**Q** 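Sharing a structure here in structure tokens format.
From a predicted model like this one, the values you see are computed outputs, not experimental measurements.
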Amino acid sequence: MTEPLQKPQPRNPVRALRRPTLPPTARSRAALRFTAAAAEGRFELQTCADCATLQYPPRAVCVNCLSHRLEWRAVSGEGELNAATTLHHANELYFRERMPMRLGAVKLDAGPVVLTHVHGDCVVPSRVRVRAHLDKSGQAALIALPPQDTENMADDPMLREMTSDPKFRKVLVTDGKSAVGQAVARALIDAGADLVWVGVAEPWKQAAGLDKLKALRQVEIVPLDVTDEKSVRDLAGVIGGKVDILINTAELHRTHKIADRGSETARAEMEVNYLGLLRLAQAFGPAMQARAAEGSVPATAWVNLLSIYALAALPSHGTFSASKAAAFALSQNLRAEMRHAGIRVVNVFPGPIDDEWNQLVPPPKLGASALAKAIVAALRHGVEDIYPGDVAQDIVTRFRESQKVLERELWDQ
Amino acid sequence: MRSRYEGVVIAAPVTIPYVRYSTRDAHWFLGRALAALIKRAGITKDALDGLCVSSFTLFPDSAVGLTQHFGVSPRWLDHVPMGGASGIVMLRRAARAVQAGDADIVACLAGDTNHVDSFRANLANFSRFARDAVYPIGAGGPNASFALLTAYYMRQFGIAAADFGKLCVAQRDNALKFPYALFRKPLTLDEYLDARPIADPLKLFDCVMPCAGAEGFLVMREARARALGLPFARILGTIERHNAFPDDPIQIRGGWALDRDDLYAQAGVGPADMDFVQVYDDYPVISVMQLEDLGFCAKGEGADFVRRNTFTVGGSLPLNTSGGQLSAGQAGAGGGSLGLTEAVRQLTGETLGAKVDDAKLGLVSGFGMINYDRGLCGGAAVLGRA
């Protein structure tokens, strides 16, 4: 059985930090489709549209009928673990630092043989569940899990490399005044977070629910105004070297069209939603990346609360959509930069949140605690993009079917 | 019935001494092998009209670049990127070319360099499947692949670590007399069993050691060999097969099992007639699979076969008489020709190490290219004394 993860000891400051290394990142273009599915938590295999053969590794044509009409379809990862080995030697630095490590060969019920990482609780031969997860390099890798969940299953060292479980971690939630920020803090504590710093801007203004949050043992209220560069840098100077997960929930949402009035509101939205993220990334990014391989509970993830309307603008919330689109673009850049350390950047694309700025939006709307649970689940499952709520699911589906059709459908909503 | 290789022979086995690491490049080792071949044959390089090359570390060159590099103008050229099967495949290609008159003398070269970090660098780009589905999970290189094959084989067929050890110890004994072997210290079964683990169940002496070096041989008509005064061996039968048994969930057999009847029919002899065997041996499990698939015993009876026989040069079945790759080292693609050059030396009496008494027939087999979860290329040849 997996040894339960122990609460990490404070770092010995005399010891050098362990520098982040990555598993090999090169993939063929075909294999990147495998990564794309894993990034959203799906296990998909290449499937022949003509003869329905499933294949792995990804190919240019069907291994059975040579058709080039190949599609990616979600499949069951169940199969038989036929052989496993424990490696004691590796040539790549990343694996060398993680010896010993188990690998195995699984014959999937769906057909192909897959070579996988093997969870410590799997026995040979036996049934297993194979999952595709993003590894530290941000590319998909396979891991075989025991047929049923085991005690401490999530504490397996390789599984932890592929996920960002909040257990024992120190997390910064950037805005504790919003219902979403407060719900995220609570969900993190429920997931075993060691400490949650909750940022509060303009502390002289009262905010509902903050006193209750303050009373929690794991919560520490910290001053943070993402529109103020000095405020962001000051906080990073105090806690920047300890943050394992940063969840940026700070957002400003007004409901304006272009024609409504001057640029002040749009500027204010950009100050929080776009420039706020930029300031956080500049102040907190480097220290998190430096600690990405440190100890048993290293810095691991950065979460951005975006909006489904970052993908396709909702004209009735035009300036808000534009600021979230800007934040989305910046977040993609942040992901590209943070991958060098193995820090996962998670983009959250919710539909309308049930708050005062969506008063006139018809249901279904997303409650704060449902959104918070989705964020924690994303961290636990190691996924990189989530679309929580029915509206977000609906819009992302339509977006992928036809961006142009969706653009017109959103005109009158 | 396939036509035989009447009148075509293999001669002039050369080995460029193996070193663990080298600052030279593959071109240097292959160039030295070519120079050794023409010196051994007593010809000028202009007399060579065929060239065949196998190497992993030649990039960005292939055989064609070597023609200009070496200043030769062959009328027949081949590049055989098949690693451990390349020796057999080069021999087959060259023999047919000579037989058909497309070339008169073909030089076959196989070898690689081994820089301090080149093994790791080669693994990263070994194949598209390796890059997409093997290297990213830390299974870079054959250790992990052979660990899975070995673990599965042991569970299926009940062979013990000591059985694999018996092969390794016997080969080390053979290597003690072979001047080019990198391992020249006796190995005991206890040392084998107590060695440090590499990839369970594989331990240190189960794993081939990469090194730098090269092998070479010539293929020509018998009449030409006689005219040059070169000792030679006859090519009695050959086979090759790629991606055999793709539906086996884990590799327990290779293409030899499909084609061995064809091999022995072409050669007109059987496994019991062999005076020695040179199998491809980067890991002992694959030696046992070859013995099974080439008909020395039935599938799954390898353990019993190993227990019933002795494999030193003076044993009941002399196996890998120069120590094999496990004791001589694996000079990259050169490992696929190590068994061939040794077999020719045994059959012509030009041995550098221990000599099998009165060897008339020998079997050489090759295995190469772990592309994803299994080795894809297999081949074998029966050679006979002139």
**Q** With chain B as the partner, which of A/P58, A/A30, A/A141 has the greatest number of non-hydrogen pairs under 4.5 Å?
**A** A/P58
**Q** Taking A/V63, A/L32, A/V113 one by one, which has the highest count of heavy-atom pairs under 4.5 Å against chain B?
**A** A/V113
**Q** Looking at A/L87, A/L115, A/I143, which makes the most heavy-atom pairs under 4.5 Å with chain B?
**A** A/L115
**Q** What part of B/I250 gets closer than 4.5 Å to chain A, counting heavy atoms only: side chain, backbone, both or neither?
**A** side chain
**Q** Any idea which donor-acceptor pairs are under 3.5 Å between chain B and chain A?
**A**
from	atom 1	to	atom 2	distance (Å)
B/R120	NH1	A/E92	OE2	2.8
B/D132	OD1	A/S28	N	2.7
B/D132	OD1	A/S28	OG	3.4
B/D132	OD2	A/S28	OG	2.5
B/Y135	OH	A/E92	OE2	2.3
B/R155	NH1	A/N82	O	2.7
B/R155	NH2	A/N82	O	3.2
B/I198	O	A/H88	N	2.7
B/I198	O	A/H89	N	3.4
B/D200	N	A/T85	OG1	3.2
B/D200	N	A/T86	O	3.0
B/D200	O	A/T85	OG1	2.5
B/D200	OD1	A/H88	NE2	2.8
B/D200	OD2	A/H88	NE2	3.2
B/Y372	OH	A/V113	O	2.8
B/Y372	OH	A/L115	N	3.0

**Q** Could you tell me which of A/P125, A/G111, A/P23, A/A84 has the largest number of non-hydrogen atom pairs under 4.5 Å with chain B?
**A** A/P125
**Q** Using non-hydrogen atoms and a 4.5 Å limit, figure out which bit of A/V106 sits close to chain B: side chain, backbone, both or neither.
**A** neither
**Q** Please say whether more than 12 non-hydrogen atoms of neighbouring residues, nucleotides or ligands are located less than 6.0 Å from CZ in B/F245.
**A** yes
**Q** Please find the pair of heavy atoms, one from B/L148 and one from A/G104, that lie closest to each other, and give the distance.
**A** CD2-CA, 3.8 Å
**Q** What option among B/A147, B/P136, B/P201 has the most heavy-atom pairs under 4.5 Å with chain A?
**A** B/P136
**Q** Relative to chain A, which segment of B/A151 carries a heavy atom at a distance below 4.5 Å: side chain, backbone, both, or neither?
**A** side chain
**Q** Quick check for you: to the nearest 0.5 Å, what is the distance between B/I137 atom CD1 and A/L142 atom CG?
**A** 7.0 Å
